[in-house]
Amino acid sequence: MDILRIATRKSPLALWQTEHVAARLRQAHPGLEVALVPLSTRGDEVLDRSLAAIGGKGLFLKELELAMQRGEADCAVHSLKDVPMELEPGFVLPAILERADPADAFVSNHCDGLDALPLGARVGTSSLRRQAQLRARRPDLQLRDLRGNVNTRLAKLDAGEYDAIVLACAGLQRLGLDARIRARLLPPQWLPAPAQGAIAIESREGDDRIAGLLAALDHAPTRRRVEAERAMNRALHGSCHVPVAGFAEDAGDGGLHLQGLVGDASDGRLVRAEATGHDVEALGREVAARLLAAGAGEFLPPA
Ligand SMILES: NCc1[nH]cc(CCC(=O)O)c1CC(=O)O
């Protein structure tokens with residue numbers, strides 16, 4: 001009997017996403033045995049410093065890729081927003097699942113939204129992208145670091161360390177925590193991370209049997225949208241060290257509308273750009289070029 005082994009991180013959200021992929025694969029391929037291979041990654045272990053500070057592209061991917069290289073797993077499940085713009089050589093993404101809610105969530109125990117926060121309120125997020133957009137809208141807020149998995153972050157909010165925190169709606173919904181979402185932070189004013197809300201499956205390049213099994217879960221409209229967002233981010237040399245946001249949606253005529261934003265997490269200056277097009281790579285590069293023409297280069301690390 002055929003068996004497919006899926007490498008996964010061990011956080012509750014990663015395990016939910018991998019169980020979801022496993023269930024979809026069993027449904028698509030009756031008779032296929034699907035097993036999980038849970039692994040620790042450096043991104044999960046280093047909680048005391050910000051991800052931007054410890055650096056290292058693909059902090060959440062490395063150990064999973066090593067397991068695939070050693071032949072201990074056939075594929076790995078990721079949140080696509082955590083996958084670097086350039087994959088490690090020798091790996092591919094044969095499946096990108098239909099996108100869940102891409103929006104960021106405002107979570108608080110006493111306020112209904114960002115504008116309702118009292119002057120000088122404490123807001124927790126370690127994401128430079130979220131910090132820049134918070135500063136732009138509310139320069140008075142005190143921004144505080146907040147790391148750890150979704151449940152850890154909620155526990156710190158509940159313990160009173162923050163007046164509000166910002167998380168991805170998709171993660172909260174997957175964990176059955178929708179009730180914690182007090183407001184959705186929405187485009188065009190607030191943009192999510194490129195590919196937020198999309199799950200991707202990675203496998204070894206040239207492993208056509210595995211890629212063929214995984215491809216049954218690919219959702220072409222989602223792939224187009226997130227590829228436009230990632231092409232923009234790639235052209236800006238974006239990573240978790242850079243406050244870049246991007247969001248593509250269907251323009252109606254088979255084309256896509258892509259909005260992008262680059263900001264400064266320390267002073268809240270933002271540069272925005274948008275464009276519409278059919279070629280996702282060209283569209284991503286076009287929005288990146290417009291952002292740079294509008295001065296985004298000042299907020300980006302030297303190329
Ligand atoms: N950076 C961590 C991370 N990676 C993916 C998600 C949420 C799920 C998704 O975007 O698909 C989260 C948590 C968060 O940002 O609140």
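Hydrogens, waters and symmetry mates are skipped; everything else that's a heavy atom, side chains included, is used. Atoms within each ligand, like the ligands themselves, are counted from 1 in listed order.
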> For ligand 1, is there an N or O atom under 3.5 Å from any N or O atom of D82?
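Right, the criterion is met.
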> Could you work out, with salt bridge (Lys or Arg N to Asp or Glu O under 4.0 Å) as the rule, every residue matching R153, not counting sequence neighbours?
none
> For R174, take its heavy atoms, then give the atoms of ligand 1 lying under 4.0 Å from any of them.
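Near R174, meaning under 4.0 Å from one of its heavy atoms, ligand 1 has 8 (C), 9 (C), 11 (O).
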> Do any N or O atoms from the side chain of Q131 and from the backbone of T125 form a donor-acceptor pair under 3.5 angstrom?
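Pair found, side chain donor or acceptor close to backbone of T125.
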> Can R147 be said to touch ligand 1, with heavy atoms closer than 4.0 Å?
no
> Short question: side chain of R137, backbone of W190 - any donor-acceptor pair under 3.5 Å?
no
> Can you list the ligand 1 atoms lying under 4.0 Å from a non-hydrogen atom of L167?
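Those of ligand 1 that fall under 4.0 Å from L167 are 16 (O).
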> State whether the side chain of R26 and the backbone N or O of G31 hold a donor-acceptor pair below 3.5 Å, judged by distance alone.
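Looks like no, no N/O pair under 3.5 Å.
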> Within the distance-only criterion (no hydrogens, no angle test), does the side chain of R180 pair as donor or acceptor with the backbone N or O of F106 below 3.5 angstrom?
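Such a contact is absent between R180 side chain and F106 backbone.
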> Going by ring pair (Phe, Tyr, Trp, His ring centres under 6.0 Å), name the pairs with one or both residues in residues 5-28, residues two or more places apart or in two chains.
W16-H20
> Within the structure, does Q17 bring an N/O atom to less than 3.5 angstrom of an N/O atom in ligand 1?
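Checking ligand 1 against Q17, no N or O pair falls under 3.5 Å apart.
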> Looking only at distances, can you tell me whether any N or O atom of Q196, backbone or side chain, sits closer than 3.5 Å to an N or O atom of ligand 1?
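So ligand 1 has no N or O lying under 3.5 Å from an N or O of Q196.
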> Determine whether the side chain, the backbone, both or neither of R99 has a heavy atom under 4.0 Å from any heavy atom of ligand 1.
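Neither part.
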> Which is it for A168 and ligand 1 at heavy atoms under 4.0 Å: side chain, backbone, both or neither?
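The part of A168 near ligand 1 is both the backbone and the side chain.
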> Can you find an N/O atom of G171 closer than 3.5 Å to an N/O atom of ligand 1?
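For ligand 1, there is no N or O atom that lies under 3.5 Å from one belonging to G171.
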> May I ask you to decide if A14's main-chain N or O and R9's side chain share a donor-acceptor pair within less than 3.5 Å?
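Such a contact is absent between R9 side chain and A14 backbone.
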> List ligand 1 atoms under 4.0 Å from G197, heavy atoms only on the residue side.
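Ligand 1 atoms under the 4.0 Å threshold to G197: 9 (C), 10 (O), 11 (O).
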